[in-house]
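Structure, as structure tokens:
Proteins come first, then strands; the chains are lettered A, B, ... in the order of their sequence lines, and each starts at number 1.
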Amino acid sequence: MEPVTTFTGKVVALVADDIDTDQIIPAAYLKVTDKSGLAEGLFQAWRYLPDGTPNPDFPLNRPEAAGATVLVTGRNFGCGSSREHAPWALQGYGFKAVIALSFADIFRNNSLKIGLLPIVVDEESHRELLSHIEEDPETTVRVDLPNQQVVLPGGRAVSFPIDGFAKHCLIHGVDQLGFIQQHEEAIAAYEAATPARVNTLHPDGGA
Amino acid sequence: MSQSKTLFDKVWDAHLVRPETADTPAVLYIDLHLIHEVTSPQAFTELRQRGLRVRRPDRTLATMDHSTPTTPRNALGVIPVIDPQAIAQLDRLRANCAEFGIPLYELGSANQGIVHVIGPEQGLTQPGMTIVCGDSHTSTHGAFGALAFGIGTSEVGHVLATQCLLQYRPKTCAVRVEGRLQPGVTAKDIILAIIAKYGVGGGAGHVFEYMGEAIRALSMEERMTICNMSIEGGARAGMVAPDDTTFEYVAGRPYAPKGADFEAAVAHWRQLPSDPEARFDKEMFLDASTLAPMITYGTNPGMGMPIDAAIPAPEHMPDASSRQALDKALSYMGLEPGKLLLGHRVDVVFIGSCTNSRISDLRQVAALWKGRKVAEGVRVMVVPGSQQVKRQAEAEGLHEIFRAAGAEWREAGCSACLGMNDDKVPPGKYAISTSNRNFEGRQGPGARTLLASPLTAAATALTGVVTDPRTMLEGALAGA
Ligand code: SF4
């Protein structure tokens with residue numbers, strides 16, 4: 001994973017609550033065995049008209065939104081299906097961070113694993129950011145992960161929460177699987193001390 | 001300090017390889033890892049790139065369910081897969097399981113089915129276990145008093161390689177459901193009512209424990225229906241304390257402990273329920289005795305109401321964002337505020353999904369349909385949750401009732417719940433569905449989904465318009 005630290009990015013707003021992962025990436029795109037084609041499927045039903053041409057009214061399709069790397073949205077973003085294809089699609093499209101009032105648990109976990117930064121801000125800062133975007137559709141924000149801050153266009157720095165471990169992993173590009181592997185001894189000790197609860201290879205008491 | 005623990009605390013504590021520290025999450029041991037074709041391929045690729053093996057194939061089980069067709073078998077008894085992408089995905093799962101030594105329930109084989117139906121069916125799902133799957137409805141298995149939750153593909157890789165996950169301890173929420181259900185009102189209505197009351201984000205950061213008189217009275221299959229939709233309430237997991245109902249269900253299943261081992265397991269399982277003084281971080285409450293059958297009118301599972309209520313009006317919503325959300329939802333659904341849903345035309349009826357495709361669900365539907373026909377012009381699909389459910393239903397002759405009524409009796413799988421195969425609701429059409437998600441396009445692009453119980457869906461199938469099952473009760477109750 002690429003380390004994430006500090007960057008300045010253009011913001012685009014998709015203001016709605018409870019945007020589910022079926023909207024972020026519909027099931028038709030989940031038939032891949034890699035991550036190909038996911039960016040094209042991002043927000044597919046909203047982004048394209050029924051004839052397959054881009055919907056000019058969809059915020060991501062507006063010319064000013066070209067090159068945006070920060071998505072601003074509402075409450076409970078990423079609810080529904082656990083598909084990691086959703087953060088993959090957002091990242092594949094070019095997003096580095098999503099600013100929201102809250103995130104669904106699995107989506108937030110999945111995003112942190114791949115370096116797509118989920119940023120929760122308070123309602124007042126959210127409103128302020130949206131009004132900046134309304135005034136200037138090419139608004140940018142500065143995201144500063146080490147200091148856990150988003151700097152709004154007016155210069156106001158808004159703090160955001162992130163768990164210390166995820167932050168450390170993102171900044172240093174630490175691989176979480178590698179971290180678990182360091183505990184091999186403890187895992188083996190746990191297994192030795194704990195009788196297996198099931199054995200999928202052997203039904204009928206093989207456990 | 002009180003030593004009282006919740007059911008969740010007991011299961012969590014028993015699986016800590018390494019507790020949480022100020023700087024790092026806990027390392028949590030996973031007893032059972034279920035995998036399917038859609039959310040696993042990239043995880044296996046990662047393993048291969050790192051030269052890792054699957055640490056515990058004997059704690060892992062794979063099935064094919066999401067992208068599989070549910071079309072009837074051909075003359076050779078084979079379920080034909082036509083979609084080249086689905087073929088590639090299924091082939092990949094087959095190859096991955098063969099390479100890493102993971103048992104696989106092949107498409108059409110005796111035990112294949114929806115991942116959350118087969119775990120309990122095989123006795124793999126047991127009280128006190130930790131169970132994960134790259135699938136949000138893993139919460140279903142919590143009905144047994146297991147801690148079960150959905151994970152992403154990166155985490156699927158973590159579990160394959162280490163049998164562990166990095167996790168912060170979630171908060172707990174007691175969901176009390178008191179009173180007894182009235183005839184015609186079911187477990188599905190309980191969970192739809194909870195989500196309508198507390199919202200789709202109400203459980204975020206929490207693990208639900210469902211408790212109270214109404215929950216204790218439910219069968220295991222009904223408890224699974226409730227725990228299944230914990231994720232729709234925003235909670236990653238939902239649990240029910242194990243009791244005699246649980247033990248009876250587990251007893252004798254292929255992977256359940258046998259003889260003295262079973263007795264020892266039950267003695268242990270009896271220790272799991274929350275201690276009387278245990279504290280929860282949050283509480284929710286529902287009175288089951290006044291509940292009506294529920295139905296959704298919008299585009300998330302929280303947009304639900306009693307079946308005889310009027311569709312809410314945006315101007316009555318408490319704030320601008322919920323006004324806007326309701327406006328958008330009703331325009332997608334083509335529904336008018338203030339109107340009744342009762343009597344509204346439907347085009348498709350879907351009986352299936354990991355929420356409601358078990359034998360008791362099918363029996364309820366068959367009891368209502370016996371000797372009757374579904375309405376003209378309505379496509380009615382009945383999709384069993386597993387091959388075992390299918391065999392059981394056929395042994396009881398339910399399939400003949402379904403066919404005589406004019407419904408399609410299909411092979412096991414996820415089917416129209418997410419429309420990854422050809423089982424889709426056409427654009428703009430209305431489906432009443434026993435599944436768990438009414439998101440825009442969930443059952444096919446432009447599809448309009450009304451979520452309801454199997455009983456409500458079955459009643460609606462007979463009339464072709466949204467129907468309160470309580471008006472048709474005699475037949476249903478006689479056979480249920
Ligand atoms: S039936 Fe639906 S909700 Fe359940 S696992 Fe399959 S796709 Fe997911």
Side-chain angles (χ1 to χ4, degrees), chain A residues 15-18 20 22-23 26-28 30-35 44-45 50 74-76 79-85 87-88 102-107 109-110 113-114 163-165 168 176-177 179-181 183-184 186-187 189-191 194 196-207, chain B residues 17-18 23-25 27 29 31-32 38-39 41-42 45 57-61 67 85-86 88-89 92 103 124 126 129 134-136 150-155 157-158 161-164 166 168 200-201 204-205 234 236 254-255 257-258 261 300 321 325 328 418-420 437 439-442 445:
Chain A
V15 190
D17 291 342
D18 305 314
D20 58 80
D22 273 84
Q23 306 316 313
L30 306 187
K31 295 181 189 172
V32 291
T33 52
D34 53 16
K35 298 173 190 177
Q44 192 262 353
R75 211 175 291 283
N76 198 30
C79 60
S81 159
S82 61
R83 55 189 73 166
E84 196 164 312
H85 307 69
W88 289 337
S102 64
F103 290 93
D105 293 336
I106 303 179
F107 178 87
N109 277 342
N110 287 345
K113 294 281 185 299
I114 66 163
D163 79 71
F165 180 72
H168 171 83
Q176 297 202 7
L177 173 51
F179 176 83
I180 308 177
Q181 286 177 304
H183 296 94
E184 170 55 36
I187 300 170
Y190 178 90
E191 286 177 335
T194 317
R197 292 168 177 97
V198 288
N199 182 338
T200 58
L201 295 172
H202 298 288
D204 287 317
Chain B
V17 168
R18 184 174 184 267
D23 302 320
T24 54
V27 179
Y29 195 79
D31 291 318
L32 177 65
V38 175
T39 56
Q42 299 86 352
T45 302
D58 57 338
R59 308 280 181 275
T60 314
L61 180 78
S67 61
Q85 274 190 301
Q89 208 167 47
R92 182 63 71 89
L124 284 163
Q126 296 171 21
M129 286 175 52
D135 195 288
S136 60
I151 56 178
T153 299
S154 293
E155 291 177 317
H158 296 181
T162 68
Q163 206 58 29
C164 291
L166 295 172
Y168 286 100
V200 289
R236 273 179 90 183
Y255 288 91
K258 304 286 174 333
D261 288 345
N300 75 46
S321 74
K328 186 167 179 287
L418 90 166
M420 267 190 86
R437 286 181 176 147
F439 297 147
E440 286 182 30
R442 170 77 178 184

Output yes when a side-chain donor or acceptor of B/Q89 lies under 3.5 Å from a complementary backbone atom of A/T33, and no otherwise. no

Which atoms of A/H168 approach chain B - backbone, side chain, both or neither, heavy atom under 4.5 Å: neither

Treating B/R442 as the side-chain partner and A/D22 as the backbone partner, does any N or O pair qualify as donor plus acceptor under 3.5 Å? no

Taking side chain as everything from C-beta outward and backbone as N, CA, C, O, which of these in B/P103 sits under 4.5 Å from a heavy atom of chain A? Side chain, backbone, both or neither. both

Counting only non-hydrogen atoms closer than 4.5 Å, does A/A186 touch chain B with its backbone (N, CA, C, O), its side chain (CB onward), both, or neither? both

Bottom line for A/Q23: the part with an atom under 4.5 Å from chain B's heavy atoms is side chain

Test your reading of the model: is there a side-chain donor-acceptor pair from B/Y255 to the backbone of A/T200, 3.5 Å cut-off? yes

Taking side chain as everything from C-beta outward and backbone as N, CA, C, O, which of these in B/N300 sits under 4.5 Å from a heavy atom of chain A? Side chain, backbone, both or neither. side chain

Chain A heavy atoms under 4.5 Å from B/Q42: which part of the residue, side chain, backbone, both or neither? both

Side-chain contact, heavy-atom cut-off 4.5 Å: B/I151 with A/I106? no

Whatever's closer than 4.5 Å to a heavy atom in chain A on B/L32 counts as side chain

Closest contact, heavy atoms only, B/Y168 versus A/D163: OH-OD1, 3.0 Å

Taking the side chain as every heavy atom from C-beta outward, state whether A/F179 and B/T24 have any pair of such atoms under 4.5 Å apart. yes

Begin from the C-alpha positions of A/I114 and B/S154 and carry the test side-chain contact (heavy atoms from CB on, under 4.5 Å) through to its verdict. CA-CA 8 Å; A/I114 66 163; B/S154 293; 4.0 Å; yes

With a 4.5 Å cut-off on side-chain heavy atoms, are B/E155 and A/N110 touching? yes

The side chain to side chain contact (heavy atoms under 4.5 Å, CB included) partners of A/D105 (sequence neighbours excluded) come to A/R108, B/A204, B/R236

A/D34 portion near chain B, given a 4.5 angstrom heavy-atom threshold: backbone

Begin from the C-alpha positions of B/V27 and A/Y190 and carry the test side-chain contact (heavy atoms from CB on, under 4.5 Å) through to its verdict. CA-CA 11 Å; B/V27 179; A/Y190 178 90; over 6 Å; no

By a 4.5 Å heavy-atom criterion (distance strictly below it), what part of A/Q44 contacts chain B: side chain, backbone, both, or neither? neither

So which part of B/V200 gets closer than 4.5 Å to some heavy atom of chain A, the side chain, the backbone, both or neither? both

Is B/R92 in contact with chain A via its backbone, its side chain, both, or neither, using a 4.5 Å heavy-atom distance? side chain

With heavy-atom distances below 4.5 Å as the criterion, would you say the side chains of B/Y29 and A/I187 are in contact? yes

Donor-acceptor pair, A/K31 side chain versus B/M420 backbone, under 3.5 Å? yes

Over all atoms of both residues, closest heavy-atom pair of A/A196 and B/R59: CB-NH2, 2.9 Å

Under the criterion side-chain contact (heavy atoms from CB on, under 4.5 Å), I'd like the reasoning laid out for A/E84 against B/T39: C-alpha separation, chi angles, the key distance, then a yes or no. CA-CA 8 Å; A/E84 196 164 312; B/T39 56; over 6 Å; no

Which residues share a side-chain hydrogen bond (donor to acceptor under 3.5 Å, both in side chains) with B/S321, sequence neighbours left out: A/D17, B/D319

Is it the side chain or the backbone of B/R18 that comes within 4.5 Å of chain A heavy atoms, both, or neither? side chain

